[in-house]
Amino acid sequence: MGEIHNLVDNLHLEDLRNKSHPSAFDENEQYDMLIIRLPIITQELETNSIGFIITHNNSYLYERDKDDFKELGSRFEAPYEILDAMIDELIKSFDGYKELILDMEEMLYLNKTKKSFMKQWLKLKHNIARVERALMHASSTMNKAIEYYENNSDFPINHYIDLHEHLERTLRSATLQLSKLDYLYNFYSAQTNERMNHMIYTLTIISAIFLPLNLVVGFFGMNTSGLPFSDGSSGTANVITLILLLSILTIGIINFVRKKV
């Protein structure tokens, strides 16, 4: 394939060698270059750019590991089949993200969220946002190629429109999942705030009960003369009775206020 190497401009070769090159379509007199970057969803999200050189009567796939071109034998059908298989795999693997979001939503409804919720949420948000950006560029590039070749008699326009529709559908799904993640974050924040407010309310009630008791203890703990109940043998019992009465009175006031509220 040395003649293809000689045909392709060095700047285009650099683009083809770049594994992360954005999707692009470039028209030239002797050949056209089509690069489609698609997400690869495995354990970790990656992206891979696949590049084609399309001449007047053939097409070539750039094989990055060999730094060479593979003749495909047809101008449009072979690139379509390669891209169709990759996009189908992307659609299937993207379903894994949707399942994870559904599981997170169900756990929120059951109030059984894990401590790792925010870590998982941030990872999904980041990955799906990257998928959305990659698909946005890929869809735009595919549409540009379709508009350029649509008048060619040998161009299978319906096949490429199908590719574009699959990209658009997955792009819409990614946008929807990002919206659902925002909703889940708001739901999770509301639950967290509610739990925090309940804790603060409980601490406030406890403080309201013990504040008068602390005042009584502090008063009778003063090292001064003439304190009430300091004379006689029933002073401690009288103070305990006073504390109990204050506790009952405080609880009664709190309940009265709660009912009013």
Side-chain angles (χ1 to χ4, degrees), residues 19-20 22-23 36-49 83-143 162-211 250-251 253-261:
K19 185 179 179 181
S20 301
S23 298
I36 298 293
R37 183 173 69 169
L38 293 173
I40 308 291
I41 303 173
T42 53
Q43 293 297 326
E44 296 294 333
L45 176 66
E46 300 177 355
T47 56
N48 185 36
S49 296
L83 290 172
D84 185 52
M86 292 181 67
I87 294 172
D88 283 347
E89 184 62 30
L90 169 62
I91 293 173
K92 292 176 183 177
S93 58
F94 189 78
D95 287 340
Y97 282 156
K98 293 192 284 188
E99 290 296 327
L100 284 174
I101 293 173
L102 285 174
D103 290 342
M104 292 171 67
E105 186 177 18
E106 187 67 21
M107 289 297 101
L108 276 173
Y109 286 137
L110 297 174
N111 201 18
K112 294 181 178 179
T113 52
K114 300 178 181 179
K115 292 181 178 179
S116 60
F117 176 88
M118 281 307 302
K119 181 178 180 181
Q120 185 179 24
W121 183 90
L122 283 169
K123 184 176 181 180
L124 280 171
K125 181 78 171 178
H126 180 226
N127 286 350
I128 295 178
R130 289 175 60 197
V131 170
E132 183 186 44
R133 286 195 299 270
L135 290 177
M136 194 178 298
H137 289 298
S139 176
S140 175
T141 299
M142 184 64 66
N143 186 60
D162 184 62
L163 290 182
H164 183 258
E165 193 276 330
H166 286 173
L167 289 171
E168 280 289 309
R169 190 199 320 163
T170 311
L171 174 60
R172 291 193 298 270
S173 180
T175 303
L176 175 62
Q177 299 311 310
L178 287 175
S179 298
K180 288 187 72 172
L181 282 172
D182 290 337
Y183 156 74
L184 292 181
Y185 177 78
N186 292 333
F187 192 0
Y188 176 76
S189 297
Q191 283 189 340
T192 303
N193 291 337
E194 184 179 358
R195 286 194 293 265
M196 185 66 67
N197 290 337
H198 181 72
M199 289 177 59
I200 294 173
Y201 175 76
T202 302
L203 290 173
T204 302
I205 295 297
I206 294 173
S207 299
I209 292 173
F210 281 96
L211 186 61
T250 303
I251 292 172
I253 293 173
I254 290 172
N255 286 330
F256 177 77
V257 172
R258 286 178 61 188
K259 290 178 181 179
K260 287 291 184 181
V261 173

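We use all heavy atoms of the structure for the numbers below, so side chains are in, but hydrogens, waters and symmetry mates are not.
- Residues Ile36 and Ile87 have side chains not in contact (no heavy-atom distance under 4.5 Å, counting atoms from C-beta outward).
- Classification of the Tyr183-Phe187 ring pair by plane angle, with boundaries at 30° and 60°, yields tilted.
- Annotation: the span from Asp88 atom CG to Met86 atom CE amounts to 11.5 Å, rounded to 0.5 Å.
- With values rounded to the nearest 0.5 angstrom, Ile41 atom CD1 is found 8.0 Å from Asn127 atom CG.
- To the nearest 0.5 Å, the span separating CG on Leu167 from NE2 on His137 amounts to 13.0 Å.
- Only one option out of Leu178, Leu176, Leu184 pairs with Ile101 in a side-chain contact (heavy atoms from CB on, under 4.5 Å); it is Leu184.
- Counting all heavy atoms, side chain and backbone alike, Arg130 lies closest to Glu46 at NH2-CA, 4.5 Å.
- Closest approach of Leu90 and Pro39 over heavy atoms only: CD1-O, 3.6 Å.
- To the nearest 0.5 Å, atoms CG (Asp103) and CG (Leu108) are separated by 11.5 Å.
- Considering all non-hydrogen atoms of both residues, Phe94 and Ser173 come closest at CE2-OG, 3.3 Å.
- Counting heavy atoms from C-beta on, the side chains of Leu100 and Trp121 never come closer than 4.5 Å.
- A heavy-atom distance below 4.5 Å is found between the side chains of Leu124 and Met104.
- Distance check, rounded to the nearest 0.5 Å: OG of Ser23 to CG of Leu135 gives 8.5 Å.
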| task | Would you please test Val131 and Gln177 for side chain to side chain contact (heavy atoms under 4.5 Å, CB included) and show each step? | result | CA-CA 11 Å; Val131 170; Gln177 299 311 310; over 6 Å; no
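- Residue Lys115 holds its NZ atom at 16.0 Å from CD of Gln120, rounded to the nearest 0.5 Å.
- With hydrogens and angles ignored, the 3.5 Å screen pairs no side-chain donor or acceptor of Ser139 with any backbone N or O of Met136.
- Remark: the His166 side chain and the Arg169 side chain contain an N/O donor-acceptor pair separated by less than 3.5 Å.
- Between Tyr188 and Phe117, the ring planes are parallel. Angles under 30° get that label, and only those over 60° would be called perpendicular.
- Within the 3.5 Å criterion, the main-chain N or O of Lys19 finds a donor-acceptor partner in the side chain of Ser49.
- Put simply, the side chain of Gln191 never gets that close to the backbone of Asn111: no donor and acceptor are under 3.5 Å apart.
- With contacts defined as side-chain heavy-atom distances shorter than 4.5 Å, the pair Leu163/Asp84 qualifies.
- Contact annotation: the side chain of Arg195 never approaches that of Met199 to less than 4.5 Å [non-hydrogen atoms, C-beta and beyond].
- In summary, Lys92 and Asp95 do not engage in a salt bridge, as defined by a charged side-chain N under 4.0 Å from a carboxylate O.
- Annotation: side chain of Ile128 is not in contact with side chain of Leu45 (no heavy-atom distance under 4.5 Å).
- Between Arg37 and Asn48, the closest side-chain pair of non-hydrogen atoms is not below 4.5 Å.
- Lys123 is listed as a side-chain neighbour of Glu44, based on a closest heavy-atom distance under 4.5 Å.
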